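Heads up: the structure comes next, in structure tokens.
We count ligands from 1, going down the list as the structure has it; atoms in each ligand are counted the same way. Here the structure is a predicted model, which means the values were calculated and not measured. Along the sequence shown, residues are numbered consecutively beginning with 1.
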Amino acid sequence: MKQGVILINAYTNGESELNQPKRLKEEFEARGVRIEVNRNFFTAGVRENEEAGFMSADFCGNLDKDKYAGELLEKAGLRLFNSPRAVAVCDDKMTTCIALAGSGIPVPETYAAPLCYSESAPANAEFLRAVGERLGYPLVVKESYGSLGKGVYKADDFESLCEVEKKLQMKPHLFQKFVSSSAGRDLRVIVIGGVVFAAMRRTSAGDFRSNLELGGRGEPLSPDARAAALCESVARRLGLDYCGVDLLFAEDGYTVCEVNSNAFFGGMERITGKNVAGAYAEYIIREVYGV
Ligand SMILES: Nc1ncnc2c1ncn2[C@@H]1O[C@H](COP(=O)(O)OP(=O)(O)O)[C@@H](O)[C@H]1O
Ligand SMILES: [Mg+2]
């Protein structure tokens, strides 16, 4: 019997989050692979001479970002899609930038905010002034672990930069050049097994962030050769079996905004009519069983 496990987070309860394991499970089962969906708390422990609970599965669809759970499963010998290492690099927008740097893959100019360990530390005005001078205003500030557009801010001047900084000081975050030619629009491209599978253009009328969750509108798109090649090299560079790459339209071509190792299937499937979860299941089945 072919069987796999799908790992989701212990706290996952939103509709679009729960749609992920649901869609993947039904696509696997339609192809004769039995699936058990498990929350990550079963794996969060190390006991001597004891196998992890999922050892009987042939693979793990890793829909969680919990690096401990992922690494424990990998250590127990399970092949994870995506690998916990690749997920961890993507989970943090700054480590994604660092991983892509120097590879010929364009990213907007980005600086990591110094990590702060003291809540009472005063904001470093000298540093913030230098950020404004380097990047110019408006500039973008992002929480390193944000998603769905929620942790992305635009600072129009030094005062608003100080305000955002006050809010984010204790969280890892970064400062980035605002790609004004892309304000309110971007491309979301799904890459499966190293090959572009589906894409959409996202446009927002009233926000520089084009996320669907913030009211952006999506339309299906067949990416041009340059966009496709860029997204495929991103997936290869980061070792991702599956990802959603966000591309911005810079003056001189595409630039990589961020990479989502756990990109939702829902919006993309609805907008493009493509079976993203099915293609991912098929890819995993090919990798694991060679058929
Ligand atoms: N440097 C930037 N310049 C212009 N727009 C940006 C920039 N960074 C992000 N955006 C916009 O904000 C959206 C959300 O940013 P992103 O980095 O993808 O974070 P999230 O993980 O929250 O989706 C992007 O889809 C894009 O529309
Ligand atoms: Mg994004």
Side-chain angles (χ1 to χ4, degrees), residues 14 16-17 20 65 86-101 105-113 131-132 134-156 160-161 164 167-168 171-191 198-219 221 223 227 230-231 234-235 238 240 242-268 271:
S16 25
E17 285 175 304
Q20 295 289 100
K65 293 184 181 178
V87 172
V89 168
C90 292
D91 195 19
D92 178 337
K93 291 174 171 41
M94 193 65 220
T95 56
T96 313
C97 274
I98 294 168
L100 295 179
I105 292 169
V107 292
E109 187 176 347
T110 301
Y111 300 99
V131 165
R134 287 226 185 160
L135 295 175
Y137 290 102
L139 59 83
V140 172
V141 188
K142 294 186 192 181
E143 294 178 22
S144 300
Y145 294 96
S147 59
L148 312 180
K150 283 180 302 197
V152 178
Y153 311 83
K154 184 150 65 75
D156 291 319
S160 61
L161 177 61
V164 178
K167 202 168 128 167
L168 299 188
K171 291 181 179 177
H173 59 287
L174 60 84
F175 305 100
Q176 190 166 78
K177 193 158 195 85
F178 177 54
V179 182
S180 57
S181 47
S182 199
R185 62 198 191 100
D186 73 355
L187 298 186
R188 161 60 62 91
V189 182
I190 296 289
V191 182
M200 64 176 149
R201 180 202 303 273
R202 302 185 297 187
T203 314
S204 174
D207 199 308
F208 77 99
R209 300 162 300 178
S210 48
N211 303 68
L212 300 183
E213 295 78 9
L214 296 176
R217 290 196 44 212
E219 51 182 318
L221 173 101
L230 179 54
C231 294
V234 166
L238 301 180
L240 289 155
Y242 170 88
C243 64
V245 183
D246 291 350
L247 292 185
L248 298 172
F249 302 96
E251 300 283 359
D252 52 351
Y254 299 107
T255 185
V256 176
C257 175
E258 66 145 353
V259 187
N260 301 276
S261 59
N262 297 39
F264 284 158
F265 307 129
M268 185 63 81
I271 286 159

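- Taking each heavy atom of L135 and K177 in turn, the nearest pair found is O-NZ, 3.4 Å.
- Shortest contact from atom 12 (O) of ligand 1 to any protein heavy atom: R209 CG, 3.3 Å.
- Residue contacts with ligand 1 include R202, since one of its heavy atoms falls under 4.0 Å from the ligand.
- Residue C257 places no N or O, backbone or side chain, under 3.5 Å from any N or O of ligand 1.
- No side-chain donor-acceptor contact under 3.5 Å links N211 to the backbone of E213.
- Of all the atoms in ligand 1, the ones that sit under 4.0 Å from a non-hydrogen atom of F178 are 3 (N), 4 (C).
- At a 4.0 Å cut-off, not a single heavy atom of G151 sits close enough to ligand 1 to count as contact.
- Taking every heavy atom of both residues into account, L212 and G218 meet most closely at CD2-N, 3.8 Å.
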Exercise for the section: Apply side chain to side chain contact (heavy atoms under 4.5 Å, CB included) to the pair L240 and V191, showing each step before the final yes or no. Expected result: CA-CA 9 Å; L240 289 155; V191 182; over 6 Å; no
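- Ring pair F208/F178 is perpendicular by interplanar angle, where above 60° counts as perpendicular and below 30° as parallel.
- A ring-centre distance under 6.0 Å is not found for F175 and Y153.
- A distance-only check finds no donor-acceptor pair linking the side chain of H173 to the backbone of A113 [under 3.5 Å].
- Although no hydrogens or angles enter the test, the distance criterion places no donor-acceptor pair under 3.5 Å between the side chain of S181 and the main chain of V179.
- Of the protein's non-hydrogen atoms, F208 O, 3.7 Å is the one closest to atom 11 (C) of ligand 1.
- The single protein non-hydrogen atom nearest to atom 3 (N) of ligand 1 is V179 N, 2.9 Å, given as residue, atom name and distance.
- Here the protein heavy atom with the shortest distance to atom 13 (C) of ligand 1 is N211 OD1, 3.3 Å.
- Polar contact check, S210 against ligand 1: a nitrogen or oxygen pair lies under 3.5 Å apart.
- The nearest protein atom to atom 2 (C) of ligand 1, hydrogens excluded, is given as L248 CD1, 3.6 Å; this is a heavy-atom distance.
- Taking 2.8 Å as the limit, the number of protein N, O or S atoms around the Mg ion (ligand 2) is 2.
- Within the structure, the closest approach of S147 to ligand 1 falls below 4.0 Å when heavy atoms are considered.
- Closest to atom 15 (O) of ligand 1, if we only count protein heavy atoms, is V152 CG2, 3.5 Å.
- Nearest heavy-atom pair, G149 versus R209, reported as atom, atom and distance to 0.1 Å: O-NH1, 2.9 Å.
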Practice task
Take M268 and M200 through the test side chain to side chain contact (heavy atoms under 4.5 Å, CB included) and record every step on the way to the result.
Solution key: CA-CA 7 Å; M268 185 63 81; M200 64 176 149; 4.0 Å; yes
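- Contact detail for A155 and Y137: the closest heavy-atom pair is O-CD2, 3.5 Å.
- Judged by the shortest distance from any of its heavy atoms, G146 lies inside the 4.0 Å radius around the atoms of ligand 1.
- For atom 19 (O) of ligand 1, the closest non-hydrogen atom on the protein side is K93 CE, 3.3 Å.
- Near G149, meaning under 4.0 Å from any of its heavy atoms, are these atoms of ligand 1: 20 (P), 22 (O), 23 (O).
- Heavy-atom minimum distance, S204 versus S210: CB-CA, 4.0 Å.
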Exercise for the section: Apply side chain to side chain contact (heavy atoms under 4.5 Å, CB included) to N262 and K65, showing your working. Expected result: CA-CA 8 Å; N262 297 39; K65 293 184 181 178; 3.6 Å; yes
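- At distances below 3.5 Å, at least one donor-acceptor pair connects side-chain atoms of Q20 with backbone N or O atoms of F265.
- What you find for C90 and T96 is that their closest heavy atoms are CA-OG1, 3.4 Å.
- Below 3.5 Å of separation, one finds an N or O of K177 facing an N or O of ligand 1.
- Counting only non-hydrogen atoms, the option in L174, L187, L139, D186 that gets closest to atom 25 (O) of ligand 1 is D186.
- In this structure, atom 8 (N) of ligand 1 lies nearest to the protein heavy atom K142 NZ, 3.0 Å.
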Problem - Trace of the side chain to side chain contact (heavy atoms under 4.5 Å, CB included) decision for F249 with T255 - result: CA-CA 7 Å; F249 302 96; T255 185; over 6 Å; no
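- Residue contacts with ligand 1: E258 is placed with a nitrogen or oxygen under 3.5 Å of a nitrogen or oxygen of the ligand (distance criterion only).
- Proximity to D246 (heavy-atom distance under 4.0 Å) selects the following atoms of ligand 1: 18 (O).
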